[in-house]
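Structure, as structure tokens:
In this chain, residues are counted from 1 in sequence order. Read the numbers this way: they start at 1 and go in the same order the structure lists the ligands and their atoms.
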Amino acid sequence: MNEYGDCSFCRGEVEEKRIEYDYRRRSHLLVINGVPAGVCRQCGEKYFKAQTLKRLDHVFHNVFDQHQEPDHVLEIPAVSF
Ligand SMILES: [Zn+2]
């Protein structure tokens, strides 16, 4: 048992990991590495603390509104289905 509790979908055990998070909003995409998240061991559902979500918003705002320099820029291929 930890601060994330058990998975609300499958009741599986949730463990904290650092994940890569794709933050997509307002036609922008920001990849954020090392985000702490609770990940269900059984179904993989992810849970975030309120303070983590706030921090993600803050980072997104810094890069796209305050023009803070990102660590690096990825080139992402896109195709039509
Ligand atoms: Zn689960």
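Contact detail for Arg18 and Gly34: the closest heavy-atom pair is NH1-O, 3.0 Å.
Atom CD of Glu13 and atom CD of Gln42 lie 9.0 Å apart (nearest 0.5 Å). Atom CD of Glu45 and atom OG of Ser8 lie 6.5 Å apart (nearest 0.5 Å). In this structure, Lys17 NZ and Lys46 NZ are separated by 9.0 Å, a value rounded to the nearest 0.5 Å.
Around the Zn ion (ligand 1), the protein atoms of type N, O or S that sit closer than 2.8 Å are Cys7 SG, Cys10 SG, Cys40 SG, Cys43 SG.
Taking 4.5 Å as the limit, some side-chain heavy atom of Cys7 sits within range of a side-chain heavy atom of Tyr47.
Apart from Ile32 itself, the hydrophobic cluster it occupies contains Ile19, Tyr21, Tyr23, Leu30, Val35, Val39, Phe48, Leu53, Leu56, Val59, Phe60, Val63, Phe64, where clustering links Ile, Leu, Val, Met, Phe, Trp and Tyr at side-chain heavy-atom distances under 4.5 Å.
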